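Written out below as structure tokens is the structure these notes cover.
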Amino acid sequence: MGSPIHITSEIGKLESVILKRPGHEVENITPDTMERLLFDDIPYLPIAQEEHDFFADTLRQNGIEVLYLEKLAAEAVADPKVKDQFLEQMISESGYLSGPIHDALKEYLLSFDNQDMINKIMAGVRKNEVNLTYQSLQELAEDADYPFYMDPMPNLYFTRDPAASIGDGLSINRMTFKARQRESMFMEYIIKYHPRFANKGLHVWRSRNHTSHIEGGDELVLSDHVFAIGVSQRTTANAIEDIAKHLFEDHKSNFDTVIAIKIPHNHAMMHLDTVLTMIDYDKFTVHPAILTKGGKVDTYTLHPGKEDGELEIKYNDDLKEVLKEALGLDDLDLIPTGNGDPIVAAREQWNDGSNTLAIAPGEVVTYDRNYVSNDLLRKHGILVHEVRSSELARGRGGPRCMSMPIVRQDLKK
Ligand SMILES: NC(=[NH2+])NCCC[C@H](N)C(=O)O
């Protein structure tokens with residue numbers, strides 16, 4: 001058996017992927033909390049689940065093993081000592097280091113079996129579910145009207161972001177907004193304690209114990225030695241320098257090139273994969289709005305510097321040239337979302353028209369609603385599997401965001 005994580009491209013035949021089926025966390029969104037929880041509307045859960053099952057089935061029908069984050073997380077805490085440590089950390093990162101609320105939450109969560117406990121943590125814990133033996137100042141003086149002790153984590157079905165596979169390892173991410181910061185703790189425990197991943201020599205290129213941010217939607221493994229990353233609302237330049245140094249310094253990594261691509265900092269384009277994805281050896285989708293009128297975008301290519309720990313940085317504003325050079329290609333097809341029409345492109349990008357998940361070279365999964373972009377992909381020779389998207393799209397993420405590939409076949413050289 002090879003490494004449990006092995007990703008040397010964006011497009012190699014996908015073999016195993018981690019998903020999260022939307023659960024009650026999505027029903028714990030309200031108009032008051034929606035924006036802070038990074039949603040634009042409240043999905044209708046039964047249909048969101050049907051759509052998600054359809055997505056998972058589409059992957060299975062193409063021979064891909066589908067693992068569920070919620071199941072892996074429950075299995076990872078099977079040992080009572082690990083479970084205790086996990087609960088302590090989760091409750092404290094939820095705001096209760098000690099005291100009556102901490103104790104009551106711990107007792108409440110321990111009353112479930114492991115799977116239900118994980119589901120409950122993901123869904124959120126309401127105040128009226130928990131019995132406090134005595135009241136604390138925290139309870140009385142802070143947010144007395146707020147309904148939750150532990151907030152729901154509705155963005156968990158975007159498994160792409162809290163952690164990202166790179167080569168035979170991964171980054172476990174310190175995420176930007178409070179609404180998502182606890183999410184990466186599940187992967188931290190899975191990698192450390194789940195029998196499928198623990199002690200298998202996996203490299204954590206960057207852990208979640210940082211203050212600067214990085215999210216998986218910005219992380220694209222373009223080849224076995226080139227890593228692209230968005231400088232975005234969610235990933236800071238500082239974090240990029242840090243991960244680049246680790247990839248370059250660690251002799252276990254084959255990576256010698258990191259391409260940082262600067263994109264607008266806004267909610268519609270929060271990650272690089274909302275505006276640029278790789279779909280074939282020489283084809284990318286690109287949202288025209290990231291390019292200037294002259295077709296330019298700021299890119300910074302990082303290589304190991306002369307001295308240990310130094311980086312050599314080269315600026316170029318010609319994305320096509322940069323990608324061609326990094327991938328050793330003579331030509332490259334940049335396919336514009338919405339066929340470049342300003343209204344269609346904006347509408348379809350909003351609904352994740354650029355957020356394609358490649359399951360093999362030239363073969364992608366996309367949302368059905370982005371029919372202009374999908375037709376265009378077909379015209380460029382791409383095999384497109386469409387999946388349903390009415391409810392899932394309300395969270396502003398598409399098939400790439402909803403999947404964390406862990407094993408892909410290597411590309412033939
Ligand atoms: N890889 C992605 N583009 N993920 C999309 C995540 C959407 C999610 N609502 C957020 O704002 O974080």
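Nothing fancy with the numbering, it's 1 onward along the sequence. Counting starts at 1 for both ligands and their atoms, following the listed order. Here the structure is a predicted model, which is why all the values come from computation and not from measurement.
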Taking distance alone, with no angle check, do His271 and ligand 1 share an N/O pair under 3.5 Å?
yes

Would Arg396 count as a polar contact of ligand 1, with the cut-off being nitrogen or oxygen pairs under 3.5 Å?
no

Which is it for Arg400 and ligand 1 at heavy atoms under 4.0 Å: side chain, backbone, both or neither?
neither

Is any NZ, NE, NH1 or NH2 atom of the basic residue among Glu65 and Arg196 found under 4.0 Å from an Asp or Glu carboxylate oxygen of the other?
yes

Pick out which of Arg174, Arg208, Arg182 makes a salt bridge (charged side-chain N to carboxylate O under 4.0 Å, His left out) with Glu93.
Arg208

Any ion pair linking Asp218 and Arg234 (charged N to carboxylate O, less than 4.0 Å)?
no

Enumerated ligand 1 atoms positioned under 4.0 Å from heavy atoms of Asn155:
8 (C), 9 (N), 10 (C)

Which of the atoms of ligand 1 are close to Thr274, meaning less than 4.0 Å from one of its heavy atoms?
3 (N)

Looking at Gly395, which atoms of ligand 1 are within less than 4.0 Å of one of its heavy atoms?
7 (C), 8 (C), 9 (N)

Atom 6 (C) of ligand 1: which of Asp352, Asp273, Asp161 has the nearest heavy atom?
Asp161

Indicate whether the side chain of Glu88 and that of His102 have a donor and an acceptor atom separated by less than 3.5 Å.
yes

Does Asp151 come within less than 4.0 Å of Lys178, counting only side-chain N to carboxylate O?
no

In terms of residue, atom name and distance, what is the protein heavy atom nearest to atom 2 (C) of ligand 1?
Cys401 SG, 2.7 Å

Between Leu38 and ligand 1, which residue portion shows a heavy-atom distance shorter than 4.0 Å: side chain, backbone, both, or neither?
both

Met270 contact mode with ligand 1 (heavy-atom cut-off under 4.0 Å)
side chain

Lys/Arg-Asp/Glu bridge criterion (N-O < 4.0 Å) met for Glu183, Arg180:
yes

Side chain or backbone, does Glu215 bring an N or O within less than 3.5 Å of an N or O on ligand 1?
no

Examine ligand 1 and decide if any of its atoms is less than 4.0 Å from a heavy atom belonging to Arg234.
yes

Do His267 and Asp40 have side chains that approach each other closer than 4.5 Å (heavy atoms only, starting at C-beta)?
yes

Does one side chain, of Asp368 or Ser389, offer a donor that lies under 3.5 Å from an acceptor on the other?
yes

Under 4.0 Å from a heavy atom of Phe158: which atoms of ligand 1 are those, numbered in the order shown and with their elements?
6 (C), 7 (C), 8 (C), 9 (N)

Taking 4.0 angstrom as the limit, do Arg21 and Glu70 come out as a salt bridge?
no

